[in-house]
Amino acid sequence: MKKVGTPEYDLSDKLKYHISALSTAAKEMALPLNITTHYPRERKRQPDCFRGYMLFDPERCISCFQCSFVCPANAIWMKDAPSGRYYPTVDYGKCIFCHFCIDSCPGGALRTTKIHDVAYKTMDEMFTSTEEMIEPPEIIREDEGVVDYVIDKEDLSLKRTKEKDELIVDIEPSQGVPMVSVCVDRGSCLACKVCDMICESGAVSSVVEEATMTVKMAIDAEKCTGCGLCVKECSMQILRLVRK
Amino acid sequence: MATVTEAGKGEAEWEVKIPEKKLKDRLFYENLKAMVIDTQMCSRCLTCVSICPSELIVNEEDIVDFPNYEEKCLDCGACVRVCPRYDYKPKSGLGDYIEFTAGKSKRFKGQDGAMGTEFIFSAIDMGLIDRGLFVDRDEQWRTSVFHVRGKEQLEKLPLGGTKYVFADILPELKKAVMFSKVGVGVVGTPCMVSGVRKLQEEYPVFREKVKLVVGLFCTENFHYNEVSKYLIEKGVDFSKLIKTDIMKGKFVATMTDEEVKFKVSQLTSILPSGCNVCTDFTAVESDVSVGSVGSVAGFSTTVVRTEVAKEIWDYIKKMGNAEVGEGKVEELDFLINHKKEREKNIKQ
Ligand SMILES: Cc1cc2nc3c(=O)[nH]c(=O)nc-3n(C[C@H](O)[C@H](O)[C@H](O)COP(=O)(O)OP(=O)(O)OC[C@H]3O[C@@H](n4cnc5c(N)ncnc54)[C@H](O)[C@@H]3O)c2cc1C
Ligand code: SF4
Ligand code: SF4
Ligand code: SF4
Ligand code: SF4
Ligand code: SF4
């Protein structure tokens with residue numbers, strides 16, 4: 001067996017390390033340094049891109065189900081609204097705050113906040129309905145200051161400021177890349193009109209011409225929001241999203 | 001209408017031709033039902049089930065069905081476009097071929113010479129296809145379909161060998177076509193081979209992806225419920241059953257400790273109505289047909305029909321994957337004629 005011994009220091013090394021340890025101890029005695037945030041009296045300032053509790057804007061949602069498809073924790077359930085549209089609900093008992101949903105939403109309907117401290121009494125309460133996601137939740141705040149961590153090359157120090165950090169971030173929702181659905185293999189189209197039925201934006205038309213026994217299919221690029229629903233639903237997999 | 005800027009990537013407008021309806025003002029499914037299913041012409045090839053974008057299924061009685069069609073049938077006509085029995089043009093005889101021969105795989109064990117299995121795996125080895133579809137079975141001899149991509153999968157499963165019960169191959173073929181990057185190989189009875197050809201005729205994606213169609217010689221197949229009931233009455237214990245075969249007019253069920261044998265003609269009462277109007281014994285539309293009659297025991301009679309199949313056959317010989325035997329054309333005459341006689345059962 002190979003034995004690992006203690007490192008060998010010569011006398012000058014030993015002296016150097018002892019002096020450094022003693023001086024740190026003396027410094028702490030004279031001027032104690034505290035690197036923990038006194039939550040809830042103060043909050044650590046989170047970056048704007050912090051992955052926290054999510055808000056939802058129904059005006060921007062195109063009911064494409066993208067968020068629910070992409071969610072690796074299966075936390076998003078699309079529920080039908082009185083308008084007949086489908087909107088996301090989030091089960092925070094499952095959500096792992098990856099925000100893949102936010103990143104993949106083509107309409108920018110989901111956005112982040114810096115809220116990370118929501119308390120629930122039961123598991124059922126963690127199931128957050130669409131309505132509950134539109135406005136920020138009620139937060140009782142006891143904080144009077146914000147803490148910024150400052151990292152200089154030697155050490156980590158705290159900067160305390162007497163202010164309340166804004167938890168609702170005002171950032172532009174991501175625009176995504178504008179996409180449009182096209183048919184890549186017209187010959188394999190069944191003319192089943194599933195794409196037409198599923199499209200939320202009225203971009204697909206399928207017109208049956210009885211006289212010639214043909215179905216005229218068309219996708220209006222102006223109306224198409226690039227949600228990809230038709231691409232997912234086409235059983236022949238002949239629709240693709242391409243850049244507009 | 002705005003144009004798509006990423007030119008060449010796809011089309012924003014296209015047209016699809018749909019077939020004429022024989023029964024006007026009725027749904028396409030009602031047409032299929034009236035012309036094929038209710039007339040007892042349906043072969044249960046499941047070509048229609050494979051293409052239907054809605055809920056056309058095969059029901060508990062093993063019959064093609066669409067329970068809530070009034071609501072769910074999209075009236076697209078795909079089923080009617082692909083059904084080989086809708087505008088039935090019965091095929092028979094030996095068909096065209098490049099080489100009539102026999103083979104015995106050195107690598108695999110099968111029903112006869114395992115040439116069905118050999119053709120699929122040689123095609124995988126050649127890089128022609130990346131998956132093949134095989135019929136698997138459970139302890140009770142119920143069939144299921146297996147996507148095979150490598151030889152290891154064969155070692156664990158009884159994938160070679162004939163199961164005399166229908167298998168849902170074509171619905172799996174559609175999935176395989178969607179998954180496959182290179183191409184798909186499929187083994188099936190003559191009715192399924194005709195179904196694959198219809199799919200290829202109608203839809204380019206099947207022309208592009210289905211690279212190899214191996215046909216089996218076939219006199220008849222059976223519905224699971226019916227044949228299992230019959231075999232149990234005859235004293236067959238499924239837990240001990242290792243092989244079923246039809247040889248010289250006899251059905252032979254080989255179990256671990258005994259053999260049950262009886263004349264196939266006794267099975268006439270449970271002969272499926274679709275088989276009763278089927279005239280194709282040799283799968284004339286396949287790339288290569290394999291069967292038992294026409295060669296000595298242990299060998300599969302092999303009818304190489306197309307250039308693709310010829311290429312694979314040459315590869316099999318070059319690699320020494322199989323022993324080459326002798327095929328005797330005249331030995332097929334009896335069964336070819338036997339099936340041709342079923343033409344008289346077709347009412348049109
Ligand atoms: C229903 C049926 C009836 C047949 N009738 C005759 C006949 O009358 N005369 C004759 O000479 N030969 C008949 N055959 C063919 C014969 O039984 C062998 O399948 C053939 O000789 C190939 O043997 P092999 O050893 O080369 O193939 P193997 O390497 O054993 O491969 C056999 C292939 O058959 C497939 N298969 C097994 N069961 C089914 C099924 N139920 N449906 C579709 N595919 C299946 C397997 O997936 C496998 O790919 C019939 C086959 C079937 C499935
Ligand atoms: S055409 Fe397809 S991708 Fe475009 S909006 Fe409609 S469903 Fe979405
Ligand atoms: S869903 Fe697909 S197959 Fe059906 S009509 Fe639309 S493009 Fe054609
Ligand atoms: S949906 Fe289309 S394929 Fe399915 S049964 Fe109806 S017409 Fe036939
Ligand atoms: S013959 Fe085949 S395609 Fe036609 S109805 Fe029967 S199962 Fe469907
Ligand atoms: S005899 Fe064979 S090929 Fe013909 S319908 Fe029956 S199973 Fe299919």
Side-chain angles (χ1 to χ4, degrees), chain A residues 106 175-199 201-244, chain B residues 1-22 24-25 27-29 31 48-56 71-82 171 174-181 199-210:
Chain A
Q175 286 307 312
V177 185
M179 303 292 264
V180 60
S181 168
V182 293
C183 176
V184 293
D185 180 3
R186 57 158 70 199
S188 296
C189 176
L190 306 176
C192 66
K193 311 174 201 90
V194 164
C195 45
D196 188 357
M197 289 183 277
I198 204 87
C199 179
S201 335
V204 186
S205 61
S206 52
V207 184
V208 186
E209 248 182 41
E210 296 282 351
T212 53
M213 289 306 270
T214 46
V215 182
K216 283 189 157 43
M217 305 288 308
I219 300 173
D220 187 338
E222 215 98 275
K223 287 188 189 157
C224 174
T225 57
C227 69
L229 254 194
C230 56
V231 175
K232 280 193 205 86
E233 290 300 318
C234 171
S235 65
M236 296 300 278
Q237 296 183 19
I238 53 171
L239 299 176
R240 296 269 184 291
L241 287 181
V242 296
R243 276 167 196 258
K244 234 181 201 169
Chain B
M1 183 177 281
T3 47
V4 176
T5 48
E6 223 178 327
K9 280 285 172 68
E11 292 165 293
E13 286 176 51
W14 67 99
E15 278 183 18
V16 186
K17 267 264 191 247
I18 46 174
E20 289 284 340
K21 283 182 181 172
K22 289 186 180 167
K24 307 266 177 241
D25 308 319
L27 291 169
F28 274 114
Y29 171 68
N31 272 264
C48 55
V49 170
S50 81
I51 201 75
C52 175
S54 192
E55 293 170 19
L56 190 64
E71 235 179 279
K72 292 278 183 71
C73 172
L74 303 166
D75 205 23
C76 64
C79 51
V80 160
R81 274 174 77 176
V82 298
K174 162 111 179 282
K175 284 186 209 156
V177 159
M178 297 297 157
F179 287 139
S180 167
K181 299 268 184 300
L199 287 167
Q200 291 184 309
E201 213 174 280
E202 295 293 327
Y203 302 109
V205 62
F206 287 94
R207 288 204 281 283
E208 199 185 300
K209 289 283 181 60
V210 184

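Chain A is the first sequence line, chain B the second, and so forth, proteins listed ahead of strands; every chain is numbered from 1.
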- [ ] With sequence neighbours left out, write down each residue that passes salt bridge (charged side-chain N to carboxylate O under 4.0 Å, His left out) with B/Glu55, or none if nothing qualifies.
- [x]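 Applying salt bridge (charged side-chain N to carboxylate O under 4.0 Å, His left out) to B/Glu55 gives B/Lys72.
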
- [ ] Select, from B/Glu202, B/Lys174, B/Lys21, the one with the greatest count of heavy-atom pairs under 4.5 Å involving chain A.
- [x]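 The candidate making the most pairs under 4.5 Å is B/Lys174.
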
Open item on the list: As an exercise: rank B/Pro204, B/Ala78, B/Cys76 by heavy-atom pairs under 4.5 Å with chain A and give me the winner.
Closed with: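 The answer is B/Pro204.
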
Task: Shortest non-hydrogen contact between B/Lys17 and A/Thr212, atoms and distance - done: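 Of all heavy-atom pairs spanning B/Lys17 and A/Thr212, the closest is NZ-O, 2.6 Å.
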
Open item on the list: To check you understand the geometry: which heavy-atom pair defines the closest contact between A/Ala218 and B/Glu13, and what is its length?
Closed with: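 Smallest interatomic distance, heavy atoms only, reads CB-CG, 3.8 Å.
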
With rounding to the nearest 0.5 angstrom, report the [atom1] to [atom2] distance, [X] to [Y].
X	Y	atom1	atom2	result
A/Glu209	B/Ile18	CD	CD1	10.0 Å
B/Glu11	A/Leu239	CD	CG	11.5 Å
A/Met236	B/Phe206	CE	CZ	5.0 Å

Against chain B, label [X] side chain, backbone, both or neither, depending on which of its atoms sit under 4.5 Å from a heavy atom there.
X	result
A/Val194	side chain
A/Ile238	neither
A/Arg186	both

- [ ] Check each atom of B/Arg81 against the heavy atoms of chain A and say whether the ones under 4.5 Å are side chain, backbone, both or neither.
- [x]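 For B/Arg81, the side chain is the part near chain A, not the backbone.
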
TODO: With a 4.5 angstrom heavy-atom cut-off, could you sort out which part of B/Glu208 is near chain A: side chain, backbone, both or neither?
DONE: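 For B/Glu208, no heavy atom lies under 4.5 Å from chain A.
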
Task: Student check: side-chain heavy atoms of A/Ile219 and B/Trp14 closer than 4.5 Å - done: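 SC-SC contact between A/Ile219 and B/Trp14 confirmed.
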
TODO: For the residue pair A/Lys193 and B/Leu74, establish whether any side-chain heavy-atom pair is separated by less than 4.5 Å.
DONE: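 Side-chain contact under 4.5 Å: no.
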
Task: More than 12 heavy atoms of other groups within 6.0 Å of B/Lys24 NZ - done: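 Counting neighbours around NZ of B/Lys24, more than 12 heavy atoms of other residues, nucleotides or ligands fall under 6.0 Å, so yes.
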
Task: Under 3.5 Å donor-acceptor, A/Ser188 side chain and B/Val205 backbone - done: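 Side chain of A/Ser188 to backbone of B/Val205, a donor-acceptor pair under 3.5 Å: yes, one is there.
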
Open item on the list: Taking every non-hydrogen pair under 4.5 Å, which of A/Val184, A/Val204, A/Asp185 racks up the most with chain B?
Closed with: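 Winner by heavy-atom pair count: A/Asp185.
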
